[in-house]
Amino acid sequence: MSTELVQTIAEIRHRLESIRSSHQIIGLVPTMGALHAGHESLIQQARKEADCLVVSIFVNPLQFGPKEDYTRYPRMPEADLDFCRRLDVDLIFAPEVEEMYPTPSLTSVEVARMTDHLCGPFRPGHFSGVATVVAKLFHIIQPQRAYFGEKDAQQLRVIERMVSDLNLAVTVVAVPTVRESDGLAVSSRNQYLSPEERRSAPILYRALQAAQQAIAEGVLDCGEARKRALAVLEQDQSVKVEYLEIVDPEEMQPVEQITGPVRVAGAIRIGAIRLIDNLLIAP
Ligand code: AMP
């Protein structure tokens, strides 16, 4: 089957009807487009496990704050179509905003607690916007399997928790973070970094590694591990730290003493660009 572009909910439902009734596995990779090596990894994994592979491309206005980069977010539909063709995607679902939200959404999905820390306080409404659009996509496409990147670890946990709390019949598959050779996590926003900013950007990964190293050396106090990471970030004056936290990987609550696996996660700003990254650390 060649890659087909579908833009309406009625059409994608119609296309998937016969696939579902013949008990084939539908895999979904939700994206905001501007596809890159991170998305490629999700798509490749999905391709191995699904009979029918759907990639959704939708820049979801609900998950952007009023001061965020919704209008400036990269959109490159032609390149994305070629990208999906090369990876043997069956269907691209790329609805317009009016198709997904013909009327203002009065219904939203809120996943409490896991959004209290990390990106949550800095992006009010963001995770509710994500959970709401993913719930809609799950209802429209009804995939048996859906693929999300660990790069957005808090988002991944929010989706996993929504699925278990609401008994949604989908298996969430977590895919490891894809990095550039210098450690920078691949992201659609990296293309907006100036050459100088791009040179600074891997500092976030190095900071996370410093915390990892401290824990590997036996540091059990998260305050101390966090200090080691912050010391790395302080080396570059052009970097503004939004947060650097050590949390439990399940509910994303701050941890004081290491007694089991933790996730160290950070967000920094370099110029106008916000970068996030995280590492799972098992002591
Ligand atoms: P986005 O288009 O940024 O909304 O991302 C779509 C999906 O790709 C999300 O599940 C992300 O976590 C995942 N993703 C983005 N960047 C990476 C990366 N560098 N490695 C792995 N997954 C990623």
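Just follow the structure's listing: the first ligand is 1, and inside any ligand the first atom is 1. Worth knowing before you read on, the calculation uses all heavy atoms, side chains too, and leaves out hydrogens, waters and symmetry mates.
- For atom 3 (O) of ligand 1, the nearest non-hydrogen atom of the protein is Tyr73 OH, 3.8 Å.
- For the pair Pro176 and ligand 1, a heavy-atom separation below 4.0 Å is found.
- In terms of modelled atom types and a separation under 3.5 Å, the side chain of Glu242 and the main chain of Arg269 share no donor-acceptor contact.
- Heavy atoms of Arg179 come nearer than 4.0 angstrom to ligand 1 in no pair at all.
- Between Pro30 and ligand 1, no pair of N/O atoms sits closer than 3.5 Å.
- From the protein, the heavy atom lying nearest to atom 10 (O) of ligand 1 is Gly149 N, 2.9 Å.
- Heavy-atom contacts from other residues, nucleotides or ligands closer than 6.0 Å to CZ of Arg113 number 12 or fewer.
- The shortest N/O to N/O separation between Asp152 and ligand 1 falls below 3.5 Å.
- In this model, a donor atom of one side chain and an acceptor atom of the other lie less than 3.5 Å apart for Tyr147 and Arg145.
- Annotation: cation-pi geometry satisfied between Arg86 and Phe83 (NZ/CZ under 6.0 angstrom from ring centroid, within 45° of ring axis).
- An N or O contact shorter than 3.5 Å is missing between Thr177 and ligand 1 by distance.
- For Gln155, the heavy-atom gap to ligand 1 drops under 4.0 angstrom.
- An N or O contact shorter than 3.5 Å links Val178 to ligand 1 by distance.
- Taking every non-hydrogen atom of Phe148 and a distance limit under 4.0 Å, the qualifying atoms of ligand 1 come out as 10 (O).
- At under 3.5 Å, a nitrogen or oxygen of Met32, whether backbone or side chain, sits near a nitrogen or oxygen of ligand 1.
- Between the side chains of Gln45 and Glu49, at least one donor N or O lies within less than 3.5 Å of an accepting N or O.
- Within ligand 1, the atoms closer than 4.0 Å to a non-hydrogen atom of Thr31 are 2 (O), 6 (C), numbered from 1 in the order shown.
- Between Ser194 and Glu196, the side chains place no donor N or O within less than 3.5 Å of an acceptor N or O (distance only, hydrogens not considered).
- Nearest approach of Glu150 to Asn278, heavy atoms of both residues: O-ND2, 2.9 Å.
- No chain of hydrophobic side-chain contacts below 4.5 Å, direct or via other Ile, Leu, Val, Met, Phe, Trp or Tyr residues, connects Val219 to Leu230.
- Between Leu42 and ligand 1, a contact under 3.5 Å exists for no N or O pair.
- Distance from atom 19 (N) of ligand 1 to its nearest protein heavy atom, with residue and atom name: Val186 O, 2.8 Å.
- Side chain of Thr132 to main chain of Gly129: no donor-acceptor pair is present (N/O by atom type, distance under 3.5 Å, no hydrogens or angles).
- What sits closest to atom 15 (C) of ligand 1 on the protein, heavy atoms only, is His36 CE1, 3.9 Å.
- Side-chain contact, Gln213 with Gln209: no donor N or O sits under 3.5 Å from an acceptor N or O.
- From the protein, the heavy atom lying nearest to atom 1 (P) of ligand 1 is His39 NE2, 3.6 Å.
- In this structure, Ala37 does not count as a contact residue of ligand 1, since none of its heavy atoms falls inside 4.0 Å of the ligand.
- Using modelled atom types and a 3.5 Å distance limit, the side chains of Ser128 and Glu110 yield a donor-acceptor pair.
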